[in-house]
K.L.:
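Take a look at this one; I'll ask things after.
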Amino acid sequence: MNIDNELRRDASRYRAQQPPAGLSDKLQRALARASRPLPARRWYFPSVAALAASMVLVLLVGATWGGAGLGGLESAVRGPAFYDDADSESCPFITEPETVTDGNEQQRQYAEEPDADISGAKPWIPAAAGGIFDLLATLTGGLLCVGLWGRRVLLPLLLALAGLTTVGLVVLLG
Amino acid sequence: MDCQQLVNQARAGDKEALLELILAREKEFFGLSFVYMRNHHDASDALQDMIVTLYSQIHRLRNPDSFYPWAKQILVRCCLSRLRKSNREQPLPEQPVASETPAPETGLDLLNEVHRLPELQRDVLLLFYYNDRTLEEISEIMDCPLGTVKSRLHQGLKKLKGRLGDEYRQ
């Protein structure tokens with residue numbers, strides 16, 4: 001007896017199996033409970049990307065032209081905070097600005113003129129940028145929740161967004 | 001209403017159209033499910049899993065003509081997933097499970113023996129003999145090279161012959 005033929009014969013026997021009487025009702029009930037994920041919208045991912053890009057843009061604009069952001073940049077250019085302290089005399093690297101290497105021309109300039117207005121900073125810019133940044137972050141978060149509700153990827157994305165928002169607000173307003 | 005129209009309606013979210021598509025080949029789907037699950041209750045449950053999956057995934061189906069092969073593939077996956085789950089919870093007994101169908105004239109219940117094979121060999125044999133899939137299709141479904149599928153089929157048949165040898169000689 002050939003096992004191959006036997007298996008084929010056995011398969012045809014099972015294919016002729018009569019379904020139970022209530023099967024269609026069962027399937028109908030299962031289907032009634034079934035829900036469908038929201039259909040993918042073509043505008044969804046471009047919108048999230050545009051909002052995220054806008055957040056980064058606002059952050060850069062606010063940090064570059066805003067007073068607060070430039071305060072951070074300025075202090076970074078000037079060097080450590082103890083530079084203007086009386087104790088700074090004890091530091092040979094700072095009391096002798098002319099010893100600064102040629103590659104740090106700008107740093108030397110700030111060292112000579114510590115009170116110079118190098119920014120033309122507008123104090124309202126960080127506050128406005130912070131507000132816009134916050135609004136964009138809220139919109140992005142809302143859009144993520146609407147589009148990805150119930151998916152595992154939502155939580156990591158929201159955490160990343162919260163991190164970006166915190167860093168952005170600290171840079172803009174802090 | 002023709003099949004293509006029903007598939008398009010189902011893709012648009014029409015549950016009745018999807019149900020009609022499945023019920024049109026109810027016997028075929030149930031037979032396939034039964035081969036894997038070997039009892040009416042589990043076979044019906046696997047079909048329910050399938051219809052729920054179909055409803056949530058049908059918008060991804062590009063070609064309406066391939067609805068039935070696609071639906072059967074989903075049914076096979078639902079059955080395999082249920083089988084693996086039940087095997088984890090309750091390993092297959094050494095003695096074959098009594099099937100709800102009367103044994104054929106030979107006095108053998110081949111399907112029970114197939115189910116006693118190692119999982120990968122069992123899946124290949126079920127897909128090849130009971131689901132009429134080609135070796136190439138099985139290699140796609142199981143995501144493994146064609147040579148591996150052939151080898152598993154050969155080993156499965158060999159093992160089956162070894163187990164049934166004595167009974168065949170009776």
Side-chain angles (χ1 to χ4, degrees), chain A residues 1-51 140-158, chain B residues 12-13 15-16 18-19 22-23 26-36 38 40-41 43-45 47-60 99-106 108-111 113-114 125-126 128-132 156-158 160-161 164-165 167-169:
Chain A
M1 211 178 284
N2 186 335
I3 188 86
D4 188 74
N5 289 341
E6 273 306 304
L7 279 166
R8 288 184 200 283
R9 198 188 303 170
D10 199 47
S12 61
R13 190 169 62 91
Y14 278 99
R15 258 183 235 122
Q17 197 56 222
Q18 281 300 326
L23 183 63
S24 61
D25 291 337
K26 264 188 175 181
L27 293 180
Q28 199 160 15
R29 277 200 300 274
L31 204 49
R33 287 195 302 269
S35 61
R36 200 170 203 180
L38 287 171
R41 304 176 193 92
R42 285 183 183 184
W43 52 264
Y44 182 73
F45 287 107
S47 308
V48 173
L51 279 172
T140 312
L143 208 54
L144 286 175
C145 286
V146 167
L148 303 174
W149 190 255
R151 301 222 193 145
R152 281 182 193 169
V153 73
L154 178 63
L155 188 63
L157 281 176
L158 284 180
Chain B
K15 291 181 176 178
E16 289 300 319
L18 181 60
L19 188 64
I22 298 303
L23 292 181
E26 180 186 27
K27 200 171 161 183
E28 205 177 312
F29 278 108
F30 185 76
L32 179 58
S33 181
F34 191 88
V35 160
Y36 284 88
R38 289 181 298 160
H40 286 91
H41 183 261
S44 304
D45 284 351
L47 274 173
Q48 287 184 54
D49 291 350
M50 177 202 70
I51 205 163
V52 169
T53 311
L54 287 181
Y55 182 68
S56 65
Q57 305 284 318
I58 197 167
H59 62 277
R60 292 185 185 172
S99 166
E100 286 180 12
T101 346
E105 306 77 44
T106 53
L108 300 172
D109 196 344
L110 271 178
L111 188 58
E113 291 301 330
V114 173
L125 258 74
L126 286 177
F128 188 73
Y129 288 105
Y130 293 85
N131 195 10
D132 276 338
L157 284 175
K158 199 174 159 187
L160 208 55
K161 261 185 199 170
L164 299 173
E167 291 167 85
Y168 265 76
R169 276 191 285 274

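Naming convention: chains lettered A, B, ... in sequence-line order (proteins, then strands); numbering from 1 in each chain. Computed from a predicted structure; not experimentally measured.
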K.L.:
Is chain A contacted by the side chain of B:Leu126, its backbone, both, or neither, given a heavy-atom distance below 4.5 Å?
P.N.:
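Neither; nothing under 4.5 Å.
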K.L.:
Has B:Lys15 got a side-chain atom pairing as donor or acceptor with A:Ala34's backbone, closer than 3.5 angstrom?
P.N.:
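Yes, the answer is positive, given that a donor and an acceptor are paired below the 3.5 Å cut-off.
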K.L.:
Any idea which heavy atoms bring B:Ile51 and A:Ala30 closest together, and the distance?
P.N.:
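Scanning both residues completely, I find the closest heavy atoms to be CG2-CB, 4.2 Å.
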K.L.:
So do the side chains of A:Pro19 and B:Phe34 get within less than 4.5 Å of each other, counting heavy atoms only?
P.N.:
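No, too far: nothing below the 4.5 Å cut-off.
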K.L.:
Quick one: closest heavy-atom pair of B:His40 and A:Pro20, and the distance?
P.N.:
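The answer is CD2-CD, 4.1 Å.
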K.L.:
How many angstroms lie between atom CG of B:Leu111 and atom CZ of A:Arg13, to the nearest 0.5 angstrom?
P.N.:
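It is 8.0 Å, given to the nearest 0.5 Å.
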K.L.:
Working to the nearest 0.5 angstrom, can you tell me the gap between B:Lys158 NZ and A:Ile3 CD1?
P.N.:
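With rounding to 0.5 Å, NZ (B:Lys158) is 14.0 Å from CD1 (A:Ile3).
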K.L.:
Can you find a pair of side-chain heavy atoms, one from B:Leu23 and one from A:Leu23, that are under 4.5 Å apart?
P.N.:
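No, their side chains stay 4.5 Å or more apart.
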K.L.:
Which heavy atom in A:Ser24 sits nearest to a heavy atom in B:Glu26, and how many Å separate them?
P.N.:
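Scanning both residues completely, I find the closest heavy atoms to be N-OE2, 4.0 Å.
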K.L.:
When heavy-atom pairs shorter than 4.5 Å are enumerated against chain A, which of B:Val114, B:Asp132, B:Leu32 gives the highest number?
P.N.:
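Of the options given, most contacts go to B:Asp132.
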K.L.:
Side chains of A:Arg8 and B:Phe128, heavy atoms from C-beta outward: is any pair under 4.5 Å?
P.N.:
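Yes; the side chains approach each other to less than 4.5 Å.
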K.L.:
Is chain A contacted by the side chain of B:Phe30, its backbone, both, or neither, given a heavy-atom distance below 4.5 Å?
P.N.:
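It is the side chain, since no backbone atom gets that close.
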K.L.:
Does any backbone or side-chain atom of B:Gln48 lie under 4.5 Å from a heavy atom of chain A? Answer side chain, backbone, both or neither.
P.N.:
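Contact with chain A involves both backbone and side-chain atoms of B:Gln48.
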K.L.:
For A:Trp43, does the CH2 atom sit with more than 12 other heavy atoms under 6.0 Å from it, leaving out its own atoms?
P.N.:
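More than 12 within 6.0 Å, yes.
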K.L.:
Are B:Leu157 and A:Leu7 close enough that some pair of their side-chain heavy atoms sits under 4.5 Å apart?
P.N.:
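B:Leu157 vs A:Leu7: side chains touch.
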